[in-house]
Number of protein chains: 2
Amino acid sequence: MQTSPPRQPTLDEVAARAGVSRTAASRVINNLPYVSEAKRAAVEQAVRELGYVPNPTARALAGRRVGSVVLALSSDQPGLFADPFFAEVTVGISSFLEQTELELVLLLADTARGKERLRRLLGSRRADGVVLMAVHGDDPLVRLAEQTELPVVFGGLPLTGTPRWYVDPDNRGGARSAVEHLVRGGRRTIAMITGQPDLQAAVAREQGFREALTLAGLSPAALAPGGFTQAGGEAAMARLLTERPDLDAVFAANDGMALGALRALRRHGRRVPEDVAVIGFDDLGEARYADPPLTTVHQPVRALGHELARVLLAAIEGQDPSPLILPTRLTVRASAP
Amino acid sequence: MQTSPPRQPTLDEVAARAGVSRTAASRVINNLPYVSEAKRAAVEQAVRELGYVPNPTARALAGRRVGSVVLALSSDQPGLFADPFFAEVTVGISSFLEQTELELVLLLADTARGKERLRRLLGSRRADGVVLMAVHGDDPLVRLAEQTELPVVFGGLPLTGTPRWYVDPDNRGGARSAVEHLVRGGRRTIAMITGQPDLQAAVAREQGFREALTLAGLSPAALAPGGFTQAGGEAAMARLLTERPDLDAVFAANDGMALGALRALRRHGRRVPEDVAVIGFDDLGEARYADPPLTTVHQPVRALGHELARVLLAAIEGQDPSPLILPTRLTVRASAP
DNA sequence: CTGGCTTCTGGAAGCGCTCCCACACTTCCA
DNA sequence: TGGAAGTGTGGGAGCGCTTCCAGAAGCCAG
């Protein structure tokens, strides 16, 4: 036997207690004009006394906004979210949303079911907006996302086309700065471990790599795909060493692959950085603790999340925020001094 | 000028098209009895033709369930969610929820505002249930969570008290198995790098450490807190070496600290495992790639998420699922063969 | 054929809120 | 001094769904 369930007070109860109409009470709650100071005060007191909290469900049904935004990863790799990159982005988004009343819904669409859910979501007003990340190659969701009236902000560009709203790290510039650093350090035989070719970030990093080499009058010593994983990077490095035993530097499209490369180099008896310099991309904490500590292109991951949320909010509010390219910056450590 | 917004069809429209009452249509949608086969078929066809999708907001308002569960981290460390542990748990939860219609709301309550939001959430029916993780020492939310009628499942036990529903890895047993392994390997002077004393997991791991030593007729060589961070682990290891230069093994309460310990040991010229064996806890991927690869207590993190979701669902459905202790298992690698 | 089941059926009352609108009362300026 | 414009005020119609309830229809034992 319980005491009667302490039902949440409703707006009607607040209004009754304050001696005003529900409409007036609603205006006070939402901080709208056309309420006298006296009534405003009365309502505010009633709210305090009753511990009133607006019911977001009712609000969503009656009004336009739903009160939540979705962070969706549309990937083909189950568990991709476990990548620390996304966790950091999520923290950034969440910390921005904390200043608002919006809730963050996580939609990890890495299965057919998940994708179906995301598709349905885009076609209906069940959230106020969507941050869409990790879209691969020809993901049909990209087109869907562009057609829906729901504001969709892309975290990272899709492989083709340019969405209306996006926030993207400067992948090309970052890759370029890495290569420039290697060239400045006297390296001439520079290879690259590339990421997945159906990810725009991987393509852009490879582009930057090639550009910088061309500008320096060099050409790539070799390239090998590493699939953005540590194991893949290790294998790729081994292949590169076979192909170009004379290479004196390698640029990996992310830190995980760079760490794998370090392992492979060690196993093959190459000293880092004396024989081979290594540069990664991301700077996600693990880089600092690598052995040797990894020189890497830092990207402001948490800021990325922050900006994604900011842009999405602006879009929801009917503004037309401009897309954003976030600067990246080379962090020099021992692996490529 | 836009074409008319392609509003989502409503249940009324489905009912009209199928030539039945809204009530009947609702019954079909919810798979309830008392609808003739003929009407059922008609409604199903109308649903297909119209592409009808129930509006969860309206559903939530009218019915009892809200259609979402909350994953809340009540911590004092902003950005704690960036810890790969939580990302993995989240993946586990999400993959379980994918089989249901429930959405996952993320509430990172690491600020006063966030905690206030969590408090309000617990006091209102704005979600169907809550998974609460990372509660520290005397977090007042624990009491609140126990009082609310909202089902709350704890991921990891709070420091004091035993909640009605929880899923917890076998921290004590895992720590014990680590120490037993060290003792079996001939180590006698065993130190520990402990976690934060206001986390039950840290306390339990220290307990297991002490128990196993006692059982082996030994006593702790030394203990030093490492705050669960890599940098903290590194500093702690340095202190341990000063205090007990003769130690031949160290158990760290998580992998991050163990990695820090590896660095410190290397810097101090100790060989791992020849001079000092190192064991960590968690086995989160980074352990495999450490140098040397880290022996560590594996805990089934994704399964933890999975079970949390399962238990929560059962609780929501009015059952009284039993709490769960998930087994941990020592993974032997080179740092403590 | 009657009464008592069980199975259908749909009207109507909400869930708690927002917002349109009609109306009242002030200003303020031509 | 009339009325346009600005400020308060609350009634009421929804938002799209679930669910209660009253009643119709079908079925079988007595």
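Here is how names work: the chains are called A, B, and so on, in the same order as the sequence lines, proteins then strands, and each is numbered from 1.
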**Asked** To the nearest Å, how far apart are A:Arg126 CZ and D:dC17 P?
**Response** 11 Å
**Asked** In Å and rounded to the nearest 0.5 Å, what is the OG1 to CG distance from A:Thr10 to A:Asn55?
**Response** 9.5 Å
**Asked** After noting the C-alpha distance and the side-chain angles of B:Asp12 and B:Arg22, does the key distance pass the salt bridge (charged side-chain N to carboxylate O under 4.0 Å, His left out) rule?
**Response** CA-CA 6 Å; B:Asp12 277 303; B:Arg22 194 200 9 260; 2.7 Å; yes
**Request:** Establish, from distance only, whether the side-chain atoms of B:Asp139 and B:Ser74 form a donor-acceptor pair under 3.5 Å.
**Result:** yes
**Request:** Check whether any side-chain nitrogen or oxygen of B:Asn55 sits under 4.0 Å from OP1 or OP2 of D:dC15, and answer yes or no.
**Result:** no
**Item:** Approximate separation, where rounding is to 0.5 Å, of B:Leu50 CG and B:Gln45 CD
**Value:** 10.5 Å
**Prompt:** Could you walk me through whether B:Arg120 and A:Glu101 pass the salt bridge (charged side-chain N to carboxylate O under 4.0 Å, His left out) check?
**Reply:** CA-CA 12 Å; B:Arg120 290 217 312 233; A:Glu101 285 297 300; 3.4 Å; yes
**Message:** Taking side-chain hydrogen bond (donor to acceptor under 3.5 Å, both in side chains) as the cut-off, I'd like each qualifying pair that reaches into residues 308-325 of chain B, sequence neighbours left out, listed once.
**Reply:** B:Trp165-B:Asp320, B:Glu307-B:Arg310, B:Glu317-B:Gln319
**Item:** Distance, rounded to the nearest Å, where A:Leu61 contributes CG and D:dC15 contributes C1'
**Value:** 4 Å
**Message:** I need the CD-P distance between B:Glu13 and D:dG16, as an integer number of Å.
**Reply:** 8 Å
**Prompt:** For every nucleotide of nucleotides 5-12 of chain D, 5' to 3': is a protein heavy atom under 4.0 Å from its base (B), only from its sugar-phosphate (S), or from neither (-)?
**Reply:** --BSBBBB
**Request:** Using whole Å, report how far CG of B:Asn30 lies from C1' of D:dT19.
**Result:** 11 Å
**Request:** May I have the distance from B:Arg40 (atom CZ) to C:dT9 (atom C1'), rounded to whole angstrom?
**Result:** 13 Å
**Message:** OP1 or OP2 of C:dC17 versus the side-chain N and O atoms of A:Ser26: is any pair under 4.0 Å?
**Reply:** no
**Request:** Look up atom CG in B:Leu106 and atom CG in B:Leu73, then write down how far apart they are to the nearest 0.5 Å.
**Result:** 6.5 Å
**Asked** Rounded to the nearest Å, what distance is computed from the CG atom of residue A:Leu32 to the C1' atom of nucleotide C:dC21?
**Response** 16 Å
**Nearest-angstrom distance from the residue atom CG of B:Asp12 to P of D:dT18** = 11 Å
**Prompt:** What are the residues of residues 42-50 of chain A, sorted by number, that bring a heavy atom to within less than 4.0 Å of DNA chain C?
**Reply:** none
**Request:** Under the salt bridge (charged side-chain N to carboxylate O under 4.0 Å, His left out) rule, what do B:Arg17 and B:Glu44 come out as? Steps first, then yes or no, please.
**Result:** CA-CA 11 Å; B:Arg17 181 173 194 115; B:Glu44 275 162 358; over 6 Å; no
**Prompt:** CZ of A:Arg59 versus P of C:dT18: gap in Å, rounded?
**Reply:** 5 Å
**Asked** Should B:Arg113 and A:Glu98 be marked as a salt bridge (charged side-chain N to carboxylate O under 4.0 Å, His left out) after you check the CA-CA gap, both sets of side-chain angles, and the distance that decides it?
**Response** CA-CA 7 Å; B:Arg113 256 192 95 102; A:Glu98 197 157 75; over 6 Å; no
